[in-house]
K.L.:
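Quick one: the structure is below, questions incoming.
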Amino acid sequence: MSQSVNSIRGINDILPPESAAWQWLEAAARGVLQSYGYAEIRLPIMERTELFARSIGEVTDIVEKEMYTFDDRNGDSLSLRPEATASCVRAGITHGLFHNQQQRLWYAGPMFRYERPQKGRYRQFHQMGAEAFGFAGPDIDAELIFVSARIWKQLGLKGLELELNSLGSSESRGRYRELLVTFFNDRYQDLDEDSRRRLLQNPLRILDSKNPEMANLVAEAPVITEHLDDESAEHFAALRAMLDASGVEYKLNPRLVRGLDYYNRTVFEWVTDRLGAQSAVCSGGRYDGLVEQLGGRPTPAIGWALGIERLVELIRGDSLVPAPAGPHAYIVPLGEAAEKRAPALAESLRDQLPELRLHMHCGGGGMRSRMKRADRSGALCALIIGDDELASSTVVLKPLRGQRDQEIVALEELQSRLAGLCNDGGASKLKTY
RNA sequence: GUGGGCGUAGCUCAGCUGGUAGAGCCCCGGAUUGUGGAUCCGGUCGUCGUGGGUUCGAAUCCCAUCGUCCACCCCA
């Protein structure tokens, strides 16, 4: 016997019934995005490594040690995408989408990061994201937050909290960074090991420290929102006013800094306390400098990405996913003659009733086991066809839910009987797409 | 990359200090030659994650490795 091949750590199969939760989530999010005028952009799963290094930041963990990087056969260094914003910007530059134009785009798909898997964190994970280009004002910031909030509403998901911050312009952020480095350098002996490392790599992240012993020190540190440039402060105030006016609740968190280098001004994160250590289910922010940094014309931009696995876990935990609709009917042929004729009958019913969800019994077995399968399929009724029915051009229609008796239905009446089931029997909550 | 828990039937798990495996669920068949859901009866399923080692003998002890879960780190 040959050895079975292992799956790869942190890279998972999505099986039914979980796949139904994915479909439901994706359909809901897609519907909301499209209703706000966002159009789908389909992006490649890999890019030149350089793209990620230049956008995410050379010294971030993502670029330094988490990317799946390999040489193409011609020697180019390629990487599986660890996130999609960089690809989206690159695609926009490649195709001239940003020349005096505004774009509202969304995407969905797998991302790859070589990390140790844990709850809510996988090496292949899936995001849906929205990006808006060419809008400088806070109105689009608010819109993107509204879009995300409406997705939660559509899903029936409650209890997510919105955390909000502003990092200022890249200049004011830079000045603040200096202040912070000075502050922590003066207290170097009080920093824990992680924070000392962050001081060199990304000092703002010290503010995010989970170590309780750092809490007092962090509390004394300069607060970024007190060091914003005037324009960013105005932008931030206007955004907050729009959120206030629309009733979207948020919590200001001056320590929310985000890990990627390209963010400026508005950053936000939807968080939950129900996913263990991974609290963020959707996060994003403004990245006004990135398009130019990657070789395009200066273009203001903002976006967010949501983690599908994390949201699926929440909506499944809350039983928010509607049960997939079962078949309207399950055909049970009995005997050789019926087994030959039933598939053709099934196909003509499907022609006549495109909405019909019809399961054909396959795989033999006795009457008892066929009926058992019919029942377990969740079908509303069984259509039994044996020699007697063939001889009289009828089928036995047996309701499987409820107490009604089975009846004999002439073949020519079958279509209209099943049409009735399609209309009221089992309207699917799942959108077809 | 660091630390800890766990890998026994398709699933959930039992198997005491070493004597080569068991339950429930599922599935299949029957009680009911053409009628599901309840009940009863019977049945299939394991190289005990993998590879080494110790031993007369390993699911059990040791080492390695892979996978999984949780936390750190990082982040969606």
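Chain identifiers are assigned alphabetically (A, B, ...) following the order of the sequence lines, protein sequences preceding nucleic acid strands; residue numbering begins at 1 within each chain.
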K.L.:
Say you pick atom C1' in B:G4 and the same atom in B:U8; how far apart are they, in whole Å?
P.N.:
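Comparing C1' positions in B:G4 and B:U8 gives a spacing of 22 Å.
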K.L.:
Contact class for A:Ile8 vs. all strands (heavy atom < 4.0 Å): base, sugar-phosphate, or nothing?
P.N.:
sugar-phosphate
K.L.:
Mind checking A:Tyr330 for me? I need base, sugar-phosphate or nothing, with any heavy atom below 4.0 Å counting as a touch.
P.N.:
nothing
K.L.:
Determine the interatomic distance between C1' on B:A58 and the same-named atom on B:G18; round to the nearest Å.
P.N.:
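These two C1' atoms come out 6 Å apart once rounded.
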K.L.:
Output one line per pair: protein atom, nucleotide atom from nucleotides 36-43 of chain B, and distance, for all N/O pairs under 3.5 Å.
P.N.:
| from | atom 1 | to | atom 2 | distance (Å) |
| --- | --- | --- | --- | --- |
| B:G36 | O2' | A:Asp375 | OD2 | 3.2 |
| B:G36 | N7 | A:Lys398 | NZ | 3.1 |
| B:G36 | N1 | A:Leu400 | O | 3.2 |
| B:G36 | N2 | A:Asp375 | OD1 | 2.9 |
| B:G36 | N2 | A:Leu400 | O | 2.3 |
| B:G36 | N3 | A:Asp375 | OD1 | 3.3 |
| B:G37 | O4' | A:Asp375 | OD2 | 3.3 |

K.L.:
When rounded to the nearest Å, what value does the distance between P atoms of B:U50 and B:U60 take?
P.N.:
11 Å
K.L.:
Counting distance alone, no hydrogens or angles: does the base of B:U2 have a donor or acceptor under 3.5 Å from a partner atom on the side chain of A:Arg116?
P.N.:
yes
K.L.:
Return the pairing partner of B:C27 with a 3.5 Å limit on both distances, Watson-Crick or G-U wobble; otherwise return none.
P.N.:
B:G43
K.L.:
With sugar-phosphate meaning primed atoms plus P, OP1 and OP2, does A:Ala374 contact a base, only sugar-phosphate, or nothing at under 4.0 Å between heavy atoms?
P.N.:
nothing
K.L.:
Give me the distance, rounded to whole Å, that separates B:C16 from B:C74 when you measure between the C1' atoms they each carry.
P.N.:
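It works out to 43 Å between them.
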K.L.:
Classify A:Gly10 by what it touches in the nucleic acid, base, sugar-phosphate, or nothing, heavy-atom distance under 4.0 Å.
P.N.:
sugar-phosphate
K.L.:
Taking any heavy-atom pair under 4.0 Å as a contact, classify A:Glu269: base, sugar-phosphate, or nothing.
P.N.:
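It contacts nothing in the nucleic acid.
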K.L.:
Side chain of A:Leu260 only, please: which of B:C69, B:C72, B:A76 is the nearest?
P.N.:
B:A76
K.L.:
Under 6.0 Å from the ring centre and within 45 degrees of the ring axis: does the NZ or CZ of A:Arg54 meet both conditions for the six-membered ring of A:Phe52?
P.N.:
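No; the conditions do not both hold, so A:Arg54 does not lie above the ring face of A:Phe52.
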K.L.:
Which part of the nucleic acid, if any, lies within contact of A:Glu389, taking any heavy atom under 4.0 Å across all strands shown: a base, the sugar-phosphate backbone alone, or nothing?
P.N.:
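Since a base atom lies under 4.0 Å of A:Glu389, the category is base.
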K.L.:
Distance to the ring centre below 6.0 angstrom and angle to the axis at most 45 degrees; does that hold for A:Arg196 and A:Tyr188?
P.N.:
yes
K.L.:
What's the gap between B:C61 and B:G3 when it is taken at their C1' atoms, as a whole Å value?
P.N.:
24 Å
K.L.:
Is the closest basic N to carboxylate O distance between A:Arg205 and A:Asp208 below 4.0 Å?
P.N.:
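A salt bridge is present here (some side-chain N lies under 4.0 Å from a carboxylate O).
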K.L.:
Is A:Glu313 salt-bridged to A:Arg274, cutoff N-O under 4.0 Å?
P.N.:
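Salt bridge flag = no for A:Arg274 with A:Glu313.
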K.L.:
Using a cut-off of strictly less than 4.0 Å, decide whether A:Arg198 has a side-chain nitrogen or oxygen near OP1 or OP2 of B:C74.
P.N.:
yes
K.L.:
Remember a base hit wins even if backbone is also touched, and classify A:Gly335 as base, sugar-phosphate or nothing at under 4.0 Å, heavy atoms.
P.N.:
nothing
K.L.:
Taking all non-hydrogen atoms of both residues, which atom of A:Ala21 and which atom of A:Ile315 are closest, and how far apart?
P.N.:
O-CD1, 4.2 Å
K.L.:
Could you give the distance separating B:A31 and B:A14 at their C1' atoms, to the nearest angstrom?
P.N.:
32 Å
K.L.:
Can you tell me how far P of B:C70 sits from CG of A:Leu275, to the nearest Å?
P.N.:
10 Å
K.L.:
On the nucleotide B:C75, are OP1 or OP2 found under 4.0 Å from the side-chain N or O atoms that A:Gln278 carries?
P.N.:
no
K.L.:
Are A:Arg417 and A:Glu407 within salt-bridge range, i.e. N to O under 4.0 Å?
P.N.:
yes
K.L.:
Could you identify the nucleotide paired to B:U33, looking across every strand shown and requiring Watson-Crick or G-U wobble geometry with both distances under 3.5 Å?
P.N.:
none
K.L.:
Name the closest nucleotide to the A:Gln127 side chain, picking from B:A76, B:C73, B:U68.
P.N.:
B:A76
K.L.:
Between A:Arg376, A:His361, A:Arg370, which is the residue that forms a side-chain hydrogen bond (donor to acceptor under 3.5 Å, both in side chains) with A:Tyr330?
P.N.:
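Of the listed options, the one satisfying the test is A:His361.
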K.L.:
Report the relative orientation of the aromatic rings in A:Trp152 and A:Trp270; use parallel for angles under 30°, tilted for 30 to 60°, perpendicular for over 60°.
P.N.:
perpendicular
K.L.:
Would you mind classifying the nucleic acid contact of A:Lys210 as base, sugar-phosphate or nothing, using non-hydrogen atoms under 4.0 angstrom?
P.N.:
base
K.L.:
Looking only at side-chain N and O atoms, does A:Arg121 come under 4.0 Å of OP1 or OP2 in B:C75?
P.N.:
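No, A:Arg121 has no side-chain N/O under 4.0 Å of OP1/OP2 on B:C75.
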K.L.:
With a 4.0 Å limit, can you tell me whether A:Arg197 has a side-chain N or O closer than that to the phosphate oxygens OP1/OP2 of B:C74?
P.N.:
yes
K.L.:
If I pick the C1' atom on B:C45 and the same atom on B:C26, what distance separates them, to the nearest angstrom?
P.N.:
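Comparing C1' positions in B:C26 and B:C45 gives a spacing of 11 Å.
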K.L.:
Considering only B:A76, B:C74, B:C73, which nucleotide approaches the side chain of A:Arg205 most closely?
P.N.:
B:C74
K.L.:
Would A:Arg113 pass as a cation-pi partner of A:Phe125, given that its NZ or CZ must be under 6.0 Å from the six-membered ring centre and within 45 degrees of the axis?
P.N.:
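The answer is no, since A:Arg113 fails at least one limit relative to A:Phe125.
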K.L.:
Could you work out the separation of B:G49 and B:G10 based on their C1' atoms and round it to a whole Å?
P.N.:
16 Å
K.L.:
Return the nearest nucleotide to the side chain of A:Tyr114; candidates are B:G1, B:C73, B:U35.
P.N.:
B:G1
